[in-house]
> 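Here you go, one structure.
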2 protein chains.
Amino acid sequence: MVEQGSEHTSTRDQILHEATQCFAEQGYDGTSLNDIAAAVGIRRQSLLHHFPSKEQLYGEVFEYLLGVWFERLAEAISSPVRGIEKVELVLEAGFDFFADKPEFVRLVRREALDSGAHLGVDLSAVLRPMWDRAGAYFRREMDAGTFRRYDDPEQLLVTGYGALLSYFSDAPFLEGLLDVDPYSRDALDARRRHITSFYRMALDPT
Amino acid sequence: MVEQGSEHTSTRDQILHEATQCFAEQGYDGTSLNDIAAAVGIRRQSLLHHFPSKEQLYGEVFEYLLGVWFERLAEAISSPVRGIEKVELVLEAGFDFFADKPEFVRLVRREALDSGAHLGVDLSAVLRPMWDRAGAYFRREMDAGTFRRYDDPEQLLVTGYGALLSYFSDAPFLEGLLDVDPYSRDALDARRRHITSFYRMALDPT
DNA sequence: GTCTATATTGGGATAGAC
DNA sequence: GTCTATCCCAATATAGAC
C-alpha cells in the first residue's frame with residue numbers, strides 16, 4: 001500500500017503520513033480533516049476523494065503501523081537465543097521500533113485511554129496472543145530457574161509495557177522534567193541501556 | 001471549595017465531579033458541555049452559569065486533583081524513614097492515591113500526551129521540584145551505598161513513573177490483556193506488591 | 001483528482017424570561 | 001439558578017463544475 005523507492009509519493013500516501021502525525025499529536029477528536037488536508041497542501045474535500053471518512057482514514061493509519069509492529073516483533077521473537085538475552089532482544093526491538101515511530105506509541109496510548117472508541121477493532125484482543133506468549137516464556141524460565149521467581153509473571157509484562165511506552169508517549173512531558181531532548185542519541189542510548197539493565201537486575205536469580 | 005459532610009452537594013460540585021469523569025474518560029476534545037450537563041441533569045446553558053467557559057471548568061478540575069495529590073505526596077515525603085523503605089512508602093502512597101482517583105491518572109496522561117494544550121499551566125514545571133527532590137534522594141542513597149549504583153538515577157524515576165501511571169491510565173486496555181478487573185482488590189494488591197518488590201530487587205546493593 | 005458551493009450537524013457562548 | 005431562544009463558528013460530508 002505504501003510505496004517506497006520512487007521519488008514521488010502518491011497523494012494517498014502523503015495523506016496517510018500527515019494523518020499519522022496529526023492523530024498522534026492531537027488525537028482523533030483534536031484533529032480535523034482540515035488540519036490533515038492543509039499539511040498535505042490540498043482541500044478537505046479533495047482528501048475525502050481518497051478516503052471515504054475520517055474513521056476509515058484513522059483505521060488505515062492504525063492498520064499500517066500495527067502491521068509493521070507485528071513484523072518487527074515476530075522477527076525478534078523468532079530468534080533462537082534464550083534466557084535473559086531473549087528478553088533483552090525483544091525489549092530492544094520494541095525500543096528501537098518505538099524510537100523510530102513514536103507516533104505509533106502515542107496512537108496506541110490514546111487508544112488505550114479511549115478504550116478503542118475510534119478504532120473498530122479491539123486492540124488488546126489483537127495483541128493478546130503475543131502477550132500470552134511472553135507470559136508463558138517468563139513462566140518457563142522461572143520454572144527452569146534461569147529467572148528469579150515472581151508470584152505473577154504478568155506483572156513483569158505490565159511494568160515493561162509501562163516503562164517502554166511511557167518514555168515515548170510522554171516524551172514532551174518528560175523533556176520538561178529532565179531538561180534533555182528524549183529523542184537525542186544520548187538520551188535514547190541511556191534509556192535503552194537502563195531498561196535492559198533494570199530487567200537484568202530484576203530477573204537475575206542469584 | 002468542595003464541601004463534604006453535608007447530605008446535599010452543591011450543583012457546582014456536582015458539575016466538577018461529572019466533568020472530572022467525562023474529561024478523564026473522553027478527553028478534553030471528546031467531551032462536550034452537553035455531556036457534562038446531561039450527567040448532572042441540567043442544560044448546557046445552566047452549566048455556564050457556574051463556570052464561565054469549558055477551559056475554566058477543565059482548569060478547576062485539574063487544580064483540585066493536583067492539590068490533593070500534592071498533599072498526599074508531601075505527607076509521604078515528610079516521613080522520617082530512609083533507604084528503600086522511603087522509596088516503598090512514596091511508591092505506595094502514589095499507588096494508593098492513583099487507585100483511589102484513577103481519573104487523575106487518566107487526566108495527567110492526557111495532558112502529557114497533549115503537552116498541556118488545554119491546561120493553562122505547564123504540568124512538568126509544577127511537578128519539577130518534587131521530581132528533582134526524588135532524583136537527589138536516589139543519588140544520595142547510591143553514594144551512601146544503600147542503593148545499587150545506576151549511571152543515571154533519573155532513569156529509575158522515569159521507569160517508576162511509567163510503571164505506576166500506566167497501570168491506571170490504561171486499565172481498560174490491560175483488562176483485555178489480563179482477564180482480570182484491574183481495580184479488584186486482589187489485582188490491586190498484587191500490583192502494589194509487585195511494584196515495590198521489583199524496586200527492592202533493582203535497588204538492592206548486594 | 002482537485003476545486004467551489006452547499007447541506008447539515010453539533011459545539012461553545014450570550015441574552016433575557018421566569 | 002435554570003430555562004428557551006439565538007448567534008456564531010467549525011466540523012463532516014455530498015454534489016457537481018472543471
Side-chain angles (χ1 to χ4, degrees), chain A residues 1-3 6-63 107 110-111 114 116-120, chain B residues 1-3 6-63 107 110-111 114 116-120:
Chain A
M1 222 51 92
V2 176
E3 303 183 12
S6 79
E7 178 90 25
H8 211 67
T9 39
S10 70
T11 305
R12 207 189 129 86
D13 286 350
Q14 278 183 64
I15 294 172
L16 275 172
H17 177 255
E18 299 298 342
T20 305
Q21 306 304 320
C22 288
F23 286 137
E25 284 316 300
Q26 308 161 347
Y28 183 86
D29 292 312
T31 300
S32 79
L33 295 182
N34 272 332
D35 296 337
I36 303 167
V40 175
I42 58 174
R43 299 264 155 188
R44 175 175 79 252
Q45 296 88 336
S46 310
L47 189 153
L48 286 164
H49 173 77
H50 299 273
F51 298 89
S53 74
K54 187 183 179 182
E55 272 204 352
Q56 276 270 341
L57 172 55
Y58 182 75
E60 280 207 38
V61 162
F62 224 97
E63 194 184 346
L107 284 169
R110 299 198 114 105
E111 274 303 310
D114 297 343
H118 312 298
L119 201 60
Chain B
M1 223 47 95
V2 176
E3 303 182 13
S6 80
E7 177 90 24
H8 212 67
T9 40
S10 70
T11 306
R12 205 189 131 86
D13 285 350
Q14 278 185 64
I15 294 171
L16 275 172
H17 178 255
E18 298 299 343
T20 305
Q21 305 304 319
C22 286
F23 286 138
E25 284 315 300
Q26 308 162 347
Y28 184 85
D29 292 313
T31 300
S32 80
L33 294 183
N34 273 331
D35 296 336
I36 303 167
V40 176
I42 56 174
R43 298 265 156 189
R44 173 174 82 253
Q45 296 88 338
S46 310
L47 189 154
L48 287 165
H49 174 77
H50 299 273
F51 297 90
S53 72
K54 187 183 179 182
E55 273 204 351
Q56 276 269 342
L57 173 55
Y58 181 75
E60 279 207 38
V61 162
F62 225 97
E63 194 185 345
L107 284 169
R110 299 197 114 105
E111 274 304 311
D114 296 343
H118 311 298
L119 201 61

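Lettering follows sequence order; numbering is per chain, from 1.
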> Do any pairs count as a salt bridge (charged side-chain N to carboxylate O under 4.0 Å, His left out) and have a residue in residues 21-41 of chain B, sequence neighbours left out, and if so which ones?
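Listed by first then second residue: B/Glu25-B/Arg106.
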
> What's the CZ-C1' distance between A/Arg43 and D/dA11, to the nearest Å?
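That distance rounds to 15 Å.
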
> Hey, can you pull the residues of residues 45-56 of chain B with a non-hydrogen atom under 4.0 angstrom from DNA chain D?
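Output list: B/Gln45, B/Ser46, B/His49, B/His50.
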
> In chain order, what residues pass the salt bridge (charged side-chain N to carboxylate O under 4.0 Å, His left out) check against A/Glu18, with sequence neighbours excluded?
none

> What pairs with A/Gln14 under side-chain contact (heavy atoms from CB on, under 4.5 Å), at least two apart in sequence or on another chain?
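In terms of side-chain contact (heavy atoms from CB on, under 4.5 Å), with neighbours along the sequence ignored, A/Gln14 is linked to A/Thr9, A/Val40.
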
> Go through the structure and list residues passing salt bridge (charged side-chain N to carboxylate O under 4.0 Å, His left out) with B/Glu111, not counting sequence neighbours.
none

> Quick one: CZ on B/Phe62 to OG1 on B/Thr20, what's the gap to the nearest 0.5 Å?
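B/Phe62 atom CZ to B/Thr20 atom OG1 measures 10.5 Å (nearest 0.5 Å).
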
> Without placing hydrogens or testing angles, list every side-chain donor-acceptor pair under 3.5 Å for residues 43-51 of chain A, not counting sequence neighbours.
| residue | atom | partner | partner atom | Å |
| --- | --- | --- | --- | --- |
| A/Arg44 | NH1 | A/Asn34 | OD1 | 2.8 |

> If you compare all heavy atoms of A/Ala19 against all heavy atoms of A/Val61, which two are closest, and at what distance to 0.1 Å?
CB-CG2, 3.9 Å

> Quick one: closest heavy-atom pair of B/Leu107 and B/Ala24, and the distance?
CD2-N, 3.8 Å

> Within this structure, what is the CD1-SG distance for the pair A/Ile15 and A/Cys22, rounded to the nearest 0.5 Å?
11.5 Å

> Near DNA chain C, which residues from residues 32-41 of chain B have a heavy atom under 4.0 Å away?
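Within residues 32-41 of chain B, the residues near DNA chain C are B/Ser32, B/Leu33, B/Asn34.
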
> Reading DNA chain C from 5' to 3', where do the contacts with chain B start and stop? Cut-off is 4.0 Å to heavy atoms.
C/dG11 to C/dT14

> Going by the ring-ring contact (aromatic ring centres under 6.0 Å, His included) test, which pairs reach into residues 16-35 of chain B, not counting sequence neighbours?
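Sorted result for residues 16-35 of chain B: B/Phe23-B/Tyr28, B/Phe23-B/Tyr58, B/Tyr28-B/Tyr58, B/Tyr28-B/His118.
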
